[in-house]
Amino acid sequence: MNTRLILFILSIVVGVGMGILYGWMINPVEFSQIQPANLRSDFKTDYVLMVAESYHEDKDLALAGKWLKSIGKKSAFVVTQDAVKIAEDLGYSTEDVELMMDLSEDLVLWSGEETQNE
Amino acid sequence: MSERHGPWFLITGILVGLLIGLVYSLIINPVKYTNAAPHSLDAESKNQYRVLVAMAYTENEDKGRAEARLALLKEKNPERSLAVLAQQILASGGSPDQARALAKLSVDLGGMTDDLQIDQSVQEKSPTPSQTVDPATTTESVNITPTSSEQSGRLSTPLATFTPPVQAVVLPVINDNFVLAEQAELCKSSDDSGLLIIDIVDEEGNPVPGVRINVSWGEGQDTFFSGLYPNENPGFANFEMQQGIIYDLQVGESEEIIRNLSIPPCRKGEETETPGGLWLKFSKG
């Protein structure tokens, strides 16, 4: 009886393992439904650089803020600051880093209320 | 008796365990992707990414960098996706600046040289619009330090082989009525050969972008929009006709259909005939 119970529990464990293997490795959920917030940090940094480049062209701070909000729960200012640090670590050109810093500076006032509320 | 039923409790145990495992791994604690690559983005985010690439390109004019960024989406024809998105934005009344940036980048990357090809490819696949994304796990290591066209080459990934996204063209909400105002055959330049060139203007003669144009022939048809050529006026559109085919044309929501359009023969000398083009001007009725 004890042997049967142990084998039964073991079979459940094996089943759980198979289920997890299937759900996490073989057929994980929603792989193609990723949001920008889930991008790897270097991709996020390039994303911020694109926003900065776009902002440099059109000076639309609200649009830049909206785009930046899509890549994280933090405020647009903090997201840009984080990106600047990573860009410096990755060896981005001075010109690119300055573009991001310019955006960051302009976002200080724009995200002021938001930052205070956090 | 008990030995005869022995294996069943093991199978039952595995099935129960499997069920628990699936519920846990798919519902309670599904895989969370925190280090994803752009090609894994959902359709809307991919479009946003394309707009950003195009807007950034407007500022830096760095084609290599734009190409490298688009390569991260792992599409076979990124310029085609840009053109389709430009059309969608115009059609849905979105930002003309963004549409123009997308169109410019598409042109510079070699797309949109033939509007017909772009729209036909969309229409062939649009009955079942779906997003096909490479399910392979992202393992490439990409160091993003795009500082020049040469350096940005590092962004290119060698794994780009998957079906490009298929997106339906959203029909524009334009209720304006456009009527044929002028028509002419184009025989002076060989550049116009086989082209159906359309100019759309409002009551005051100002070019109108984003107007839907339908061209049909035999059992085929094509839909495209005015204003997708940054180097032309915003009311400009063109279509490449084929020799021997008769086309019907409809502009905007007009009930007027211009029928029997075809490549006109242009005489050069006494016997030589070369294919010409057609120019049609529509104004708001």
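In what follows, chains are A, B, ... by sequence order, proteins preceding strands, each numbered from 1.
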Kindly indicate, with the supporting measurements, whether the criterion side chain to side chain contact (heavy atoms under 4.5 Å, CB included) is fulfilled by Tyr47(A) and Leu52(B).
-> CA-CA 8 Å; Tyr47(A) 199 98; Leu52(B) 265 176; 3.4 Å; yes
Where is the tightest heavy-atom contact between Ser45(B) and Gln35(A), given as atom of each residue plus distance?
-> OG-OE1, 4.0 Å
Which portion of Val51(A) sits near chain B, non-hydrogen atoms under 4.5 angstrom | both
Between Phe8(A) and Leu10(B), which heavy-atom pair has the shortest distance, and what is it?
-> N-CD2, 4.4 Å
Is there a side-chain contact between Arg69(B) and Leu49(A), using heavy atoms and a 4.5 Å cut-off?
-> yes
Among residues two or more places apart or on two chains, list those pairs meeting salt bridge (charged side-chain N to carboxylate O under 4.0 Å, His left out) that have a residue in residues 75-85 of chain A.
-> Lys74(A)-Asp82(A)
Would you indicate whether the side-chain heavy atoms of Leu39(A) and Pro38(B) approach each other to under 4.5 Å?
-> yes
Side chain / backbone / both / neither for Leu63(A) at chain B, heavy atoms under 4.5 Å | side chain
Would you give the length of the straight line joining atom CG of Leu15(B) to atom CE of Met18(A), rounded to the nearest 0.5 angstrom?
-> 8.5 Å
Compare all side-chain heavy atoms of Tyr22(A) with those of Leu22(B) and state whether any distance is below 4.5 angstrom.
-> yes
Determine yes or no for a side-chain-to-main-chain donor-acceptor pair under 3.5 angstrom, with Ser25(B) supplying the side chain and Gly19(A) the backbone.
-> yes
NZ/NE/NH1/NH2 to OD/OE distance under 4.0 Å, Arg100(B) and Glu57(A) | no
Heavy atoms only, distances under 4.5 angstrom: which of Gln48(B), Met55(B), Glu44(B) has the most pairs with chain A? Name it, please.
-> Gln48(B)
Those residues at least two apart in sequence (or on a different chain) that pass salt bridge (charged side-chain N to carboxylate O under 4.0 Å, His left out) with Glu61(B) are Lys104(B)
Between the CZ atom in Phe9(B) and the CG atom in Leu7(A), the distance rounded to the nearest 0.5 Å is 4.5 Å
Chain A heavy atoms under 4.5 Å from Asp97(B): which part of the residue, side chain, backbone, both or neither?
-> neither
Answer with side chain, backbone, both or neither: which region of Val51(B) has an atom nearer than 4.5 Å to a non-hydrogen atom of chain A?
-> side chain
